[in-house]
*Asks:* 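First the structure, then my questions, so here it is.
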Amino acid sequence: GGMIWAYLGPKDKVPPMPHFPYFDLPANQRIATKYLRECNWLQSLEGGVDSVHTNFLHITLSRWYNTPGYEQRLAARGTDDLDLRYRSGDTAPRFFAHRTDGGFLVASRRNADDDQYYWRFNQYLVPFYSIPPRGAGGGHAFVPLDDYLSWSFNISARTDRAYTKEEMQTIKSGDIPTGPDDAGGLQNAERIPGTYLTVRNKANDFLIDRTMQKTHNFTGIVGTGNQDSMAQSSMPPIMDRTQEHLGITDLGIIAIRRLLLKEVQELEGGIEPPEASDAEAYHIRGIHFVEDKEVTLADAVEARREAMYG
């Protein structure tokens with residue numbers, strides 16, 4: 001997948017290589033990048049599987065306030081862009097956690113049209129992988145560097161065609177232009193040459209732009225990866241979770257924490273995590289779609305099994 005993988009456990013328990021969907025793509029249809037997150041890996045991971053923060057952290061003011069200019073651009077893009085059409089329309093999505101062989105499907109449900117819901121399926125895979133609902137099979141790995149820092153490995157992928165040289169260079173550099181409906185560029189973050197530290201980082205307040213914050217987006221920060229890093233690292237490096245009050249939109253986070261605690265305790269007793277020995281459990285994609293309101297989550301998961309696992 002464009003990365004070097006290492007196994008650090010006992011020689012007699014080497015697991016199979018997890019079979020991520022992007023492994024099946026040609027090299028020119030996937031791009032791997034990496035940068036430093038200035039917080040522990042679990043804070044990064046929880047941001048990766050959460051969906052409600054995208055309603056405000058990664059959104060433009062014109063989209064939030066549904067301005068005439070945004071309506072015109074939405075009409076020009078047509079009805080196929082489900083994210084642009086529905087993600088910001090419902091500011092109070094409902095969350096569900098559905099157990100999978102590899103971890104959890106964290107589903108968010110938003111009101112769409114009168115008789116339909118807009119669903120987003122984020123995938124969490126044990127121990128530190130997340131796959132956003134883009135459908136192509138790319139994703140993230142938030143790997144511990146130490147107790148206070150983590151690596152963010154990011155896979156961009158597309159199934160329809162190869163990336164152009166210009167697209168590859170843009171994604172690898174992280175210097176992504178901002179359009180009228182981008183809350184400050186796409187996922188990747190421009191790095192300081194010769195390092196994996198992003199140009200916008202904790203030491204310089206992510207180069208927050210107060211004019212941008214007043215006129216373009218809520219954060220005043222360029223790049224969704226930078227926006228995520230800001231939210232995650234502006235907490236203490238290890239947040240005291242006994243001081244927080246989780247809500248209904250944290251249902252997926254609660255399920256993941258319980259699973260991790262359970263498997264840590266079992267591993268201490270000599271029971272290996274079952275996900276580690278199931279390579280095909282990792283062959284899964286995040287998806288988004290519109291479905292009639294009477295269709296249950298279980299039925300929606302079953303109907304889209306091919307889209308997720310195929």
Side-chain angles (χ1 to χ4, degrees), residues 1-25 30 32 34 37 40-51 95-108 120-145 147 150-155 157 241 250-287 297-298 300-302 304-310:
M3 298 180 290
I4 296 174
W5 296 74
Y7 169 70
L8 305 181
K11 290 183 179 180
D12 61 339
K13 295 182 179 179
V14 178
M17 191 73 172
H19 184 192
F20 290 102
Y22 55 84
F23 285 2
D24 302 330
L25 295 173
R30 49 177 165 77
K34 167 186 170 183
R37 282 277 170 92
N40 74 79
W41 69 276
L42 191 56
Q43 283 176 206
S44 295
L45 172 69
E46 291 181 351
V49 296
D50 175 69
S51 183
F95 277 77
F96 306 83
H98 178 84
R99 188 70 163 97
T100 65
D101 291 340
F104 272 104
L105 183 164
V106 180
S108 61
R120 291 171 64 86
F121 284 5
N122 285 54
Q123 307 290 351
Y124 162 68
L125 298 167
V126 174
F128 43 51
Y129 304 102
S130 74
I131 302 178
R134 300 193 190 106
H140 307 278
F142 302 104
V143 181
L145 178 59
D147 287 347
S150 55
W151 294 121
S152 176
F153 291 90
N154 317 286
I155 297 292
R241 299 301 176 182
D250 297 307
L251 193 148
I253 302 301
I254 293 169
I256 290 168
R257 289 182 185 179
R258 286 175 173 172
L259 176 61
L260 285 171
L261 286 170
K262 173 179 176 290
E263 295 199 344
V264 166
Q265 291 166 355
E266 290 177 344
L267 186 60
E268 288 178 336
I271 301 173
E272 297 286 325
E275 297 85 2
S277 59
D278 188 354
E280 294 308 312
Y282 293 80
H283 197 276
I284 191 170
R285 298 174 180 84
I287 60 174
L297 172 62
V301 170
E302 187 60 32
R304 283 163 178 80
R305 186 166 294 276
E306 178 64 24
M308 287 192 294
Y309 292 98

*Asks:* So among F153, W41, F20, which one has a ring-ring contact (aromatic ring centres under 6.0 Å, His included) with Y129?
*Replies:* F20

*Asks:* Within a strict 4.5 Å, meaning less than it, do heavy atoms of the S150 and P144 side chains meet?
*Replies:* no

*Asks:* Go through the structure and list residues passing ring-ring contact (aromatic ring centres under 6.0 Å, His included) with H98, not counting sequence neighbours.
*Replies:* none

*Asks:* List in chain and number order the residues that pass ring-ring contact (aromatic ring centres under 6.0 Å, His included) with F142, two or more places apart in sequence or in another chain; answer none if no residue qualifies.
*Replies:* H140

*Asks:* Taking the side chain from H19 and the backbone from Y282, do they hold a donor-acceptor pair closer than 3.5 Å?
*Replies:* no

*Asks:* Checking R30 side chain against L25 main chain: does a donor-acceptor pair fall under 3.5 Å?
*Replies:* yes

*Asks:* With a cut-off of 3.5 Å and sequence neighbours excluded, list every side-chain donor-acceptor pair involving residues 4-16.
*Replies:*
unit_1	atom_1	unit_2	atom_2	d
Y7	OH	P10	O	2.9
Y7	OH	K13	O	3.2
K13	NZ	E272	OE2	3.2

*Asks:* Between G138 and P132, which heavy-atom pair has the shortest distance, and what is it?
*Replies:* O-CD, 4.1 Å

*Asks:* Determine the minimum heavy-atom distance between S51 and S108, stating which atoms define it.
*Replies:* OG-OG, 3.3 Å

*Asks:* Going by the rule side chain to side chain donor-acceptor pair (under 3.5 Å), which residues pair with D101 if we only count those two or more places apart in sequence or in a different chain?
*Replies:* none

*Asks:* With a 4.5 Å limit on heavy-atom distance, are the side chains of N40 and D147 in contact?
*Replies:* no

*Asks:* Where is the tightest heavy-atom contact between V126 and G103, given as atom of each residue plus distance?
*Replies:* CG2-CA, 4.2 Å

*Asks:* List the atom of N122, the atom of P133, and the distance in Å for their closest heavy-atom pair.
*Replies:* OD1-CD, 3.2 Å

*Asks:* Tell me, please, which residues at least two apart from R120 pass salt bridge (charged side-chain N to carboxylate O under 4.0 Å, His left out).
*Replies:* D83

*Asks:* Using side chain to side chain donor-acceptor pair (under 3.5 Å) as the criterion, list what pairs up with S130, not counting sequence neighbours.
*Replies:* none

*Asks:* Strictly by side chain to side chain donor-acceptor pair (under 3.5 Å), give each pair with a member in residues 251-265 just once, sequence neighbours left out.
*Replies:* E46-R257, E244-R257, K262-E266

*Asks:* Do Y309 and R285 come within less than 4.5 Å of each other through their side chains, counting heavy atoms only?
*Replies:* no

*Asks:* Excluding sequence neighbours, so at least two apart, what forms side chain to side chain donor-acceptor pair (under 3.5 Å) with D250?
*Replies:* none

*Asks:* Per the side-chain contact (heavy atoms from CB on, under 4.5 Å) rule, which among I254, L259, L260 passes with I256?
*Replies:* L260

*Asks:* Quick one: are W151 and R37 in side-chain contact, heavy atoms under 4.5 Å?
*Replies:* no

*Asks:* Check whether any side-chain heavy atom of F104 lies under 4.5 Å from a side-chain heavy atom of I253, and answer yes or no.
*Replies:* no

*Asks:* Looking at residues at least two apart in the chain, or sitting in another chain, which of them share a salt bridge (charged side-chain N to carboxylate O under 4.0 Å, His left out) with E306?
*Replies:* none

*Asks:* Checking E302 now: which residues fulfil side chain to side chain donor-acceptor pair (under 3.5 Å) with it, not counting sequence neighbours?
*Replies:* R305

*Asks:* Report the C-alpha distance between V301 and F121 in whole Å, list the side-chain angles of each, state the deciding distance to 0.1 Å, and finish with yes or no for side chain to side chain contact (heavy atoms under 4.5 Å, CB included).
*Replies:* CA-CA 9 Å; V301 170; F121 284 5; 3.9 Å; yes

*Asks:* Can you check whether S44 reaches F128 side chain to side chain, under 4.5 Å on heavy atoms?
*Replies:* no

*Asks:* I'd like to check the ring-ring contact (aromatic ring centres under 6.0 Å, His included) partners of F96; sequence neighbours left out, ordered by chain and number.
*Replies:* W119

*Asks:* State, with a plain yes or no, whether a side-chain heavy atom of L267 is found less than 4.5 Å away from one of P273.
*Replies:* yes

*Asks:* Could you pull out all residues at least two apart from Y124 that satisfy ring-ring contact (aromatic ring centres under 6.0 Å, His included)?
*Replies:* none

*Asks:* Just by distance, do the side chain of N154 and the backbone of S152 share a donor-acceptor pair under 3.5 Å?
*Replies:* yes

*Asks:* Is any side-chain heavy atom of T100 closer than 4.5 Å to one of M308?
*Replies:* no

